[in-house]
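See structure below.
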Amino acid sequence: MESFRLTKNLSKARKRSIRMRIKNRIKKKYLIETLYGNKCLICGEFNTKDHIRTFNFCYVDPRRKTCQASDLFNTYTCSEIADILEKEKGVYICSNCHTVLDMDYYDIIEDIYDSEEIIKKVKDDYHRVKNRIEKISKISLQNIKDPLTKNKIFAIRENVIVYFNAIYELSQENINITNKSISKKSGIDYSGVKSFFFRRRDFLKRYINFDIGSPTIYKLTQKGENFVSLINYFRRHFQTLELNECVDCKYRRENECIANKPDQCPFIKSGTHLPFDLDE
DNA sequence: CAGAGGGAGCCACGTGGGAT
DNA sequence: ATCCCACGTGGCTCCCTCTG
């Protein structure tokens, strides 16, 4: 959000709104894939990777409805949504299949179409979808966890990357990696470095080997090295994206957009090229 | 004995989420 | 969109213990 040029200059509120939207999409994708697989279970035409927005919350019996589907991911965790799906006999299917099921003119279908063949086809379609959904709704919902629930042990912030980079650079220079050398490399006070590694030791052991002693020597594990290279890859990628669409913009400077207000950059203002609609 | 680690606590800051 | 509150995080201080 802070490195990507199309989002870094947006207002706090917009950034927050985008964060929430991304979070909700991840929750929705996780829930659907865990329960039904990565395609619409009725038609199999739409997948969760490319068409997540087309998946709708759908009731087998709308009389059970107690909440607004549009508020689900803003309001509830994945496991709570799973409970709602179970209690209210709801499912997520693609909007095409949803439309077939929500056919509110079913009872007057004979008055709409003249052709017996079409009437039969529409009715068959409706029953096919409804029967599939009744089977789906019996699927066990016990496996749903809450993958985005706040991790109370550790959150990766900018300074964490500073520590990892310092360790990585020190290892490249063949310097003993201790609290003292990390402090010197990162510019963070020795006591700050000390308490960081002390507090987070259990978690950090996944990425860093601790040779406890006087002094304690740190070393990145293979997983830690992969973590550092992945972080740096994405940072470079978003910082150096070509600005093809800004070719005539007066705020373009080489490979950087220096606009610092949304209305200075038409692409940021309109939301064009973002992977979502700002006003959705 | 100096330097390093262990551990508790304080404070500032950022973020998420609810209310309006 | 904005404000407010709760909470997590991390820098830092202080004191104690351990180690070479």
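Each chain gets a letter, A, B and so on, in the order the sequences are listed, and its residues count up from 1.
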Atom pairs under 3.5 Å, N or O on each side, protein against nucleotides 7-12 of chain B: can you list them with distances?
unit_1: B:dG9; atom_1: O6; unit_2: A:R199; atom_2: NH2; d: 2.5

To the nearest Å, how far apart are A:D211 CG and B:dG5 P?
12 Å
Could you pull out every donor-acceptor pair under 3.5 Å between side chains of residues 116-124 of chain A and any protein atom, sequence neighbours left out?
unit_1: A:K120; atom_1: NZ; unit_2: A:D124; atom_2: OD2; d: 2.9
unit_1: A:K123; atom_1: NZ; unit_2: A:E110; atom_2: OE2; d: 2.8

Phosphate-side-chain proximity, A:N179 and B:dG5, N/O vs OP1/OP2 below 4.0 Å
yes
Strictly below 4.0 Å: does A:Y190 bring a side-chain N or O up to OP1 or OP2 of B:dA4?
no
Side chain of A:R201: nearest nucleotide among B:dG6, C:dC12, B:dG5?
B:dG6
Only counting residues at least two apart or in another chain, list the ones meeting side chain to side chain contact (heavy atoms under 4.5 Å, CB included) with A:K39.
A:N47
Checking contacts here: which listed nucleotide (C:dC12, B:dG5, C:dG11) is nearest the side-chain heavy atoms of A:D189?
C:dC12
Quick one: list whatever passes side chain to side chain contact (heavy atoms under 4.5 Å, CB included) with A:E45, sequence neighbours left out.
A:C43
C:dG10 P sits how many Å from A:I188 CD1, rounded?
10 Å
Which residues satisfy the side chain to side chain contact (heavy atoms under 4.5 Å, CB included) test with A:T48, sequence neighbours excluded?
A:K29, A:I32, A:E33, A:N38, A:I52, A:F55
So, using side chain to side chain contact (heavy atoms under 4.5 Å, CB included) as the criterion, who are the partners of A:N226 when residues are at least two apart?
A:Q222
Do A:I167 and A:F197 make a side-chain contact, defined as non-hydrogen atoms from C-beta onward lying under 4.5 Å apart?
yes
